[in-house]
Amino acid sequence: MATTHVFVGLALVAPVAYTVPELATALAVGAIIGGLAPDFDLVFTHRRTFHFPFVGGAFAVPLLAVTLLFPSALTAFLAAFALTAWVHAVSDAAGGGPEMDPWTNPTDRAVYDHVRGRWLRPRRWIRYDGAPEDAVLAVSLAVVPLFVFDGLLRTVILTLVVVSVIYALLRRRLIEWTPDWLE
Ligand SMILES: [Zn+2]
């Protein structure tokens, strides 16, 4: 689920934020937006329009290098954003498909590979977004960031944890409440 992607990004940047506290806010905001942003393609072709499992790396890796050479709030934000958005796209292949009811109607499309022009198949290590194992992963990943970040950031992370758990609890019922045009 989208929040798990946010926690992956926060867990990745947390050691850097701990070491260089003056960049903590830029790194966390980059990770939060980078974790959520790819899924805004829900209104276009979900898991394709804003998901770049290979091309994303071509942006993230140079941005990480630039940030190491020129550490600033801007470069830290951009690197955290690009890295988290890239890992988001890659790790969507570890879950199920983008369908609303994967337990009754599974597809073989996890995320689109723009380089080879085809869909990657879902590995289903996490069976579907909002599955119990997804919630466990999300909460586990949030632990370190909750210690590293403070103030408003800690409140935002805690809120996302609560949202994740509620989403996972309601996940199988959501299908009944979703308007047809979103499915
Ligand atoms: Zn996604």
Side-chain angles (χ1 to χ4, degrees), residues 1-13 27-61 63 77-142 145 156-157 159-172 174-175 177-179 181-183:
M1 56 184 154
T3 49
T4 310
H5 294 301
V6 169
F7 297 137
V8 169
L10 287 171
L12 284 172
V13 301
L27 289 165
V29 173
I32 292 169
I33 299 176
L36 297 176
D39 284 342
F40 288 132
D41 66 10
L42 206 60
V43 290
F44 302 103
T45 305
H46 185 35
R47 302 263 186 100
R48 176 171 174 166
T49 313
F50 297 157
H51 285 65
F52 302 99
F54 292 98
V55 184
F59 283 93
V61 174
L63 276 169
F77 166 82
L78 290 174
F81 173 88
L83 176 70
T84 310
W86 174 39
V87 175
H88 173 144
V90 173
S91 56
D92 269 348
E99 60 277 4
M100 281 301 293
D101 55 344
W103 44 89
T104 56
N105 191 22
T107 68
D108 56 0
R109 293 179 165 195
V111 63
Y112 193 74
D113 172 0
H114 295 263
V115 176
R116 280 174 288 186
R118 62 180 177 80
W119 288 87
L120 301 176
R121 70 181 169 81
R123 266 63 174 183
R124 296 187 213 286
W125 298 328
I126 302 279
R127 288 167 299 156
Y128 53 88
D129 75 290
E133 62 270 27
D134 195 3
V136 170
L137 180 64
V139 174
S140 322
L141 286 167
V156 169
I157 297 169
T159 307
L160 290 173
V161 169
V162 173
V163 168
S164 306
V165 172
I166 294 174
Y167 177 75
L169 286 172
L170 298 179
R171 177 63 175 90
R172 277 173 174 257
L174 280 178
I175 183 78
W177 304 334
T178 308
W181 60 269
L182 243 182
E183 283 179 22

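Just follow the structure's listing: the first ligand is 1, and inside any ligand the first atom is 1.
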K.L.:
Applying side chain to side chain donor-acceptor pair (under 3.5 Å), can you list everything that pairs with Arg118, at least two apart in sequence or on another chain?
P.N.:
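Checked Arg118 against side chain to side chain donor-acceptor pair (under 3.5 Å); zero matches.
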K.L.:
Assert yes or no for the condition that the ring centre distance of His51 to His46 is strictly below 6.0 Å.
P.N.:
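They qualify: ring centres under 6.0 Å apart.
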K.L.:
Using the six-membered ring wherever Trp is involved, compare the ring planes of Trp119 and Tyr112 and label them parallel, tilted or perpendicular (cut-offs 30° and 60°).
P.N.:
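Because their plane-to-plane angle is over 60°, the rings of Trp119 and Tyr112 count as perpendicular.
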K.L.:
Centres of the Phe59 and Trp86 rings: under 6.0 Å?
P.N.:
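So the answer is no for these two rings.
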K.L.:
Checking Arg123 now: which residues fulfil side chain to side chain donor-acceptor pair (under 3.5 Å) with it, not counting sequence neighbours?
P.N.:
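So Arg123 forms no side chain to side chain donor-acceptor pair (under 3.5 Å) with any residue.
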K.L.:
Taking only residues two or more places apart in sequence, or in another chain, which ones meet Arg171 in a salt bridge (charged side-chain N to carboxylate O under 4.0 Å, His left out)?
P.N.:
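Only Asp129 meet the salt bridge (charged side-chain N to carboxylate O under 4.0 Å, His left out) criterion with Arg171.
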K.L.:
May I ask you to list the protein N, O or S atoms found at less than 2.8 Å from the Zn ion (ligand 1)?
P.N.:
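Hits for the Zn ion (ligand 1) below 2.8 Å: Asp39 OD1, His51 NE2, His88 NE2, Asp92 OD2.
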